[in-house]
Trainee: 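Below: one structure in structure tokens.
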Amino acid sequence: MEIERKIKALDRIYAVYDEFIRSQDTACKTHCHHCCTTHVTLTTLEAAKICETLPLGEREKLFRRVCEASGLKRFRPAVTTNALAELCAEDEDLPAENETPANEKCPLLTEDLCSIYAARPFNCRCFISRTPCAEKGYADVDEVVLAVNTLFLQTVEHVDADGCSGNLLDVLEVLASAEKRAVYAEGRLHCTGNGLNANRPLKVLMLPPGQRERIEPILSKLRAIRV
């Protein structure tokens, strides 16, 4: 199935990123969850991977948690990463983002540990910091790491170009329906009708010119991944 090939490609993308992160000096440790909030976004492909990975009982528990968290404030992006890249390249005005505070604790945490850690989306994987976030109140991230993170966000969206993106809780709520999971697998999920943003293929790389050479080896590995 097409969705199975996409998930395999997503796994390879994650593996390339994990290799990159192992070379970085981070302060992130077990039980550190300062960045685990309702700010997290993901694609329908990543949500599908979560659904496919969890055993049936754990999946149902996840859906119950998502349903119970329906009233939590959350960040809902106005556009996807690739759509933003195109707007910037065309020097178009950027849509205003929802500035409602979205730093409520992620409802998927269990005793300060991620209940879906092995299948967590890229937006969670790239939340790293050189110093403990709780000390400064924000993540201390190297500029190259930020550029690499953006590259991977664009790549993940590209692989799921016929899918959708949105807040983690919103996307999981949509795919909690077996019917909608099947519709998504067929490439027919209506994004705006479900309160999500339609993904776009990667047409413009948001890479700072001065960092292109340093990031080229990673870019080459990503180019080699095929769905």
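What you see is a predicted model; the values in this text were computed from it and never measured.
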Trainee: Is there a donor-acceptor pair closer than 3.5 Å between any side-chain N or O of Ser23 and the backbone N or O of Phe20?
Mentor: yes

Trainee: Tell me whether the NZ or CZ atom of Arg125 lies within the 45° cone about the ring axis of Tyr14 and under 6.0 Å from its centre.
Mentor: yes

Trainee: For the pair Cys36/Cys114, is the SG to SG distance below 2.5 Å?
Mentor: no

Trainee: Any chance you could measure Asp162, atom CG, to Leu189, atom CG, to the nearest 0.5 Å?
Mentor: 9.5 Å

Trainee: Mind checking the SG-NE2 spacing from Cys133 to His33? Nearest 0.5 Å is all I need.
Mentor: 11.5 Å

Trainee: Roughly how far apart are His34 NE2 and Asp112 CG, rounded to 0.5 Å?
Mentor: 12.5 Å

Trainee: As a quick check of understanding, evaluate salt bridge (Lys or Arg N to Asp or Glu O under 4.0 Å) for Arg214 and Glu143, giving each step before the final call.
Mentor: CA-CA 12 Å; Arg214 297 179 64 181; Glu143 289 185 359; over 6 Å; no

Trainee: Is there a side-chain contact between Leu146 and Cys126 in this structure, where contact means two heavy atoms from C-beta onward sitting under 4.5 Å apart?
Mentor: no

Trainee: With a 4.5 Å heavy-atom cut-off, do Glu4 and Ile7 have their side chains touching?
Mentor: no

Trainee: Side chains of Asn194 and Lys180: does their closest heavy-atom pair fall under 4.5 Å?
Mentor: yes

Trainee: Under a 3.5 Å cutoff, is there a donor and acceptor pairing between the side chains of Asn82 and Lys203?
Mentor: no

Trainee: Would a distance-only check, ignoring hydrogens and angles, find a side-chain to backbone donor-acceptor pair under 3.5 Å from Arg65 to Leu108?
Mentor: yes

Trainee: Looking at CG of Leu196 and SG of Cys164, how far apart are the two atoms once the value is rounded to the nearest 0.5 Å?
Mentor: 5.0 Å

Trainee: Side chain of Ser70, backbone of Cys67: donor and acceptor closer than 3.5 Å?
Mentor: yes

Trainee: Tell me whether Val183 is reachable from Leu42 by hopping between hydrophobic residues (I, L, V, M, F, W, Y) whose side-chain heavy atoms are closer than 4.5 Å.
Mentor: yes

Trainee: Any side-chain to backbone donor/acceptor pair from Thr80 onto Ala83? Under 3.5 Å, distance only.
Mentor: yes

Trainee: For the residue pair Tyr17 and Phe122, categorise the inter-ring angle as parallel (less than 30°), tilted (30 to 60°) or perpendicular (more than 60°).
Mentor: perpendicular

Trainee: Is it possible for you to say whether Leu172 and Leu109 belong to one hydrophobic cluster, with membership spreading through side-chain heavy-atom contacts below 4.5 Å?
Mentor: no

Trainee: If hydrophobic clusters are built from ILVMFWY residues whose side chains come within less than 4.5 Å, do Ile215 and Val141 share one?
Mentor: yes

Trainee: With the side chain counted from C-beta on, respond yes when Arg12 and Val16 share a heavy-atom pair under 4.5 Å apart, and no when they do not.
Mentor: no

Trainee: Any side-chain to backbone donor/acceptor pair from Thr131 onto Asp140? Under 3.5 Å, distance only.
Mentor: no

Trainee: Supply the atom-to-atom distance Asn123 CG to Asn149 CG, rounded to the nearest 0.5 angstrom.
Mentor: 9.0 Å

Trainee: Rounded to the nearest 0.5 Å, what's the gap from CD on Glu46 to CD1 on Ile50? Could you check?
Mentor: 7.5 Å

Trainee: Of the non-hydrogen atoms in Gly163 and Thr44, which two are nearest, and what is the gap between them?
Mentor: CA-OG1, 3.5 Å

Trainee: Just so I know, are the side chains of Tyr184 and Leu45 near enough to count as touching, which here means a heavy-atom distance under 4.5 Å?
Mentor: yes

Trainee: State plainly whether one hydrophobic cluster holds both Val148 and Leu205, where clusters connect Ile, Leu, Val, Met, Phe, Trp and Tyr through side-chain heavy atoms under 4.5 angstrom apart.
Mentor: yes

Trainee: What heavy-atom pair brings Ala176 and Arg181 nearest, and what distance separates the two atoms?
Mentor: O-NH1, 3.3 Å

Trainee: Can you hop from Leu54 to Tyr117 via hydrophobic side chains spaced under 4.5 Å?
Mentor: no

Trainee: Measure across Lys6 and Val159 and return the closest heavy-atom pair with its distance rounded to 0.1 Å.
Mentor: CE-O, 3.5 Å

Trainee: For Glu213, does the CD atom sit with more than 12 other heavy atoms under 6.0 Å from it, leaving out its own atoms?
Mentor: no

Trainee: Assess whether a salt bridge exists between Glu60 and Arg64, defined as any Lys/Arg side-chain N lying under 4.0 Å from an Asp/Glu carboxylate O.
Mentor: no

Trainee: Could you verify whether a donor N or O on one side chain and an acceptor N or O on the other, from Glu157 and Thr43, lie under 3.5 Å apart?
Mentor: no

Trainee: Below 4.5 Å, heavy atoms only, C-beta onward: do His39 and Leu168 meet side chain to side chain?
Mentor: no

Trainee: Considering only heavy atoms from C-beta outward, does the side chain of Leu94 approach that of Cys88 to under 4.5 Å?
Mentor: yes

Trainee: Looking at Glu19 and Arg22, does any basic side-chain N land under 4.0 Å from a carboxylate oxygen?
Mentor: no

Trainee: Exactly one of Asp170, Asn197, Asn167 should register a side chain to side chain donor-acceptor pair (under 3.5 Å) with Arg76. Which one does?
Mentor: Asp170

Trainee: Does any N or O in the side chain of Thr110 come within less than 3.5 Å of the main-chain N or O of Leu113, such that one atom is a donor and the other an acceptor?
Mentor: no

Trainee: Please give me the minimum heavy-atom distance between Gln211 and Ala147, naming the atom from each residue.
Mentor: OE1-CB, 3.0 Å

Trainee: Closer than 3.5 angstrom, by distance alone: can the side chain of Arg59 be matched with the main-chain N or O of Leu56 as a donor-acceptor pair?
Mentor: no

Trainee: Where the side chain of Thr41 meets the backbone of Gly166, is there a donor-acceptor pair that is under 3.5 Å apart?
Mentor: no

Trainee: Between His190 and Gly193, what is the shortest heavy-atom contact and its length?
Mentor: ND1-N, 2.7 Å

Trainee: Nearest heavy-atom pair of Val171 and Ser165: which atoms, and what distance?
Mentor: CG2-C, 4.2 Å

Trainee: Report yes or no: does Glu104 contribute a side-chain atom to a donor-acceptor pair with the main-chain N or O of Thr37 at less than 3.5 Å?
Mentor: no

